[in-house]
Number of protein chains: 2
Amino acid sequence: MSEINKDSTEEKILHAAQTVFIQKGMDGARMQEIANEAKINKALLHYYFRNKQKLFEAIFSKVFNQIFPDIRSLIFSEKPFEERLGAFVERYIDLLLKNPFLPAFILKEINRDPDFLASLIKKQGINPEEILQMIEQEMEAETICRMDPRDLMINILGLSIFPFAARPLMQMMFFNNSKKEYNEFLIKRKESVKIFILNSILVNKKQMPGG
Amino acid sequence: MSEINKDSTEEKILHAAQTVFIQKGMDGARMQEIANEAKINKALLHYYFRNKQKLFEAIFSKVFNQIFPDIRSLIFSEKPFEERLGAFVERYIDLLLKNPFLPAFILKEINRDPDFLASLIKKQGINPEEILQMIEQEMEAETICRMDPRDLMINILGLSIFPFAARPLMQMMFFNNSKKEYNEFLIKRKESVKIFILNSILVNKKQMPGG
DNA sequence: GTTTGATTTAACCAACTGGTCAAAGTTAAG
DNA sequence: CTTAACTTTGACCAGTTGGTTAAATCAAAC
């Protein structure tokens with residue numbers, strides 16, 4: 001049964017570890033707290049994952065891959081660039097709405113241990129090159145303005161991710177610290193970010209909200 | 001002399017603490033390491049700042065205020081909006097270029113302890129309301145497109161801050177992990193972000209790079 | 001029912017961490 | 001010089017933390 005019933009303890013540990021690590025980060029998390037959260041003994045934790053580092057790496061890899069999902073398919077579809085970019089932004093913000101603590105967690109940990117990040121990226125098939133090339137092709141075709149495609153990529157990511165990563169500050173400064181209002185704002189942002197970007201880069205076009 | 005020569009030990013501690021805290025964060029920093037960095041005894045650390053929390057709060061306040069500098073003056077000058085926004089972006093990115101680790105540090109800590117952030121904002125005279133109003137006036141005057149002014153503010157901040165906060169990831173994905181190339185990219189961004197934003201929001205205008 | 005291997009537990013440990021304390025050093029004033 | 005206040009230090013402590021171990025439990029195979 002060692003293969004069939006893997007759900008039980010190991011799964012429980014992974015789930016608990018994810019909860020605690022995302023909330024507290026590697027430095028702030030305590031093995032005891034993870035054990036409590038999983039309702040098991042601390043020694044059992046070390047039985048399944050030799051040490052904290054190993055457990056953390058398992059969680060981080062899982063979470064990190066989770067955030068580079070099946071986006072490729074919609075980026076490289078046959079639809080016009082405008083639509084593809086819109087779909088990307090919408091899907092990405094949707095992903096973050098479902099996992100609102102991922103951005104802060106990932107930013108924290110990639111700054112703490114960039115080397116592990118490097119090994120992850122290499123191990124995975126992440127290939128930004130082809131995305132950049134695709135963007136450059138669109139510029140050749142003059143559907144979008146000429147600019148450094150890396151600027152565009154980082155703009156798209158920043159506009160999507162930043163409001164989640166900086167949530168406590170933004171919510172407090174601009175939304176009277178109302179959680180509800182900020183959530184509604186984030187949902188509306190799926191549209192407004194799309195418009196903001198397209199307005200800037202589309203040649204000879206100005207989008208209007210709700211258009 | 002207790003007032004005149006404040007530079008000596010207390011200053012040394014603050015400087016060391018800032019270095020260590022920004023690098024490791026509250027959880028990752030060790031009092032012993034701060035003491036070493038300041039080349040003093042650990043007990044002396046507790047003599048000047050009763051405990052870690054107090055020392056951390058001193059540093060965080062200092063750093064946090066540092067990042068809301070004299071920007072007000074250029075936001076509310078008499079110049080046209082286009083210029084004021086450009087100046088803001090440029091000055092802000094310049095500020096971050098001089099303190100490239102502040103964004104990651106601040107994002108980390110505001111997510112760890114949002115309550116302390118709240119007390120800081122209230123204690124200080126930070127008033128986002130008037131900035132939002134100013135933006136709304138520009139929309140009334142139809143110099144810029146109509147949109148949620150909070151969206152615009154968060155876009156501006158995100159476009160400026162994100163490349164610093166996510167640096168390890170962005171540098172690795174888009175710049176072959178070349179520190180030098182990424183630095184040059186960040187400098188160019190003072191211009192490209194400005195253009196990107198203005199392109200999006202200015203009514204009836206498309207900026208061209210170098211224009 | 002006994003053997004065998006995987007799971008689970010309680011008790012324990014060494015290292016680390018924030019923090020304390022009493023004593024010693026330093027400085028300026030009387 | 002003496003006093004008194006402020007600085008600085010080394011030694012120490014109690015609590016926490018990641019991690020270990022030996023024994024107990026359990027489930028299936030024989």
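Residue numbering restarts at 1 for every chain, and letters A, B, ... go by the order of the sequence lines.
If you take NZ of Lys39(A) and C1' of dT9(C), they are 18 Å apart, rounded to a whole angstrom. Lys24(B) places its NZ atom 14 Å from the C1' atom of dC16(C), with the value rounded to the nearest Å. Between the P atom of dC21(C) and the CG atom of Leu44(B) lies a distance of 17 Å, rounded to the nearest Å. Between the CZ atom of Phe49(B) and the C1' atom of dG19(C) there is a distance of 16 Å, rounded to whole Å. If you measure from atom NZ of Lys12(A) to atom P of dT7(C), you get 13 Å, rounded to the nearest angstrom. Separating the CG atom of Leu45(B) from the C1' atom of dG10(D) is a distance of 16 Å, rounded to the nearest angstrom.
Residue Tyr48(A) is classed as a sugar-phosphate contact, given heavy-atom separations below 4.0 Å to backbone atoms only.
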> Base, backbone or nothing for each nucleotide of nucleotides 16-22 of chain D, written B, S, -, heavy atoms under 4.0 angstrom, 5' to 3'?
Replying inline: -SBBBB-
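Contact annotation: Thr9(A) side-chain N/O to dT7(C) OP1/OP2 distance is not under 4.0 Å.
Summarising the geometry of Ile93(B) relative to Arg189(B), their closest heavy-atom pair is CD1-O, 4.0 Å, with the distance given to 0.1 Å.
Not counting sequence neighbours, the partners of Ser77(A) by the side-chain contact (heavy atoms from CB on, under 4.5 Å) test are Lys79(A), Arg84(A). Under the side-chain hydrogen bond (donor to acceptor under 3.5 Å, both in side chains) criterion, Glu37(A) pairs with no residue, sequence neighbours left out. Arg30(B) is linked by a side-chain contact (heavy atoms from CB on, under 4.5 Å) to Glu33(B), Lys52(B), counting only residues two or more places apart in sequence or in another chain. For Gln133(B), the side-chain contact (heavy atoms from CB on, under 4.5 Å) test picks out Glu129(B), with sequence neighbours left out. Here Asn177(A) pairs with Gln171(A) under the side-chain hydrogen bond (donor to acceptor under 3.5 Å, both in side chains) rule; sequence neighbours left out.
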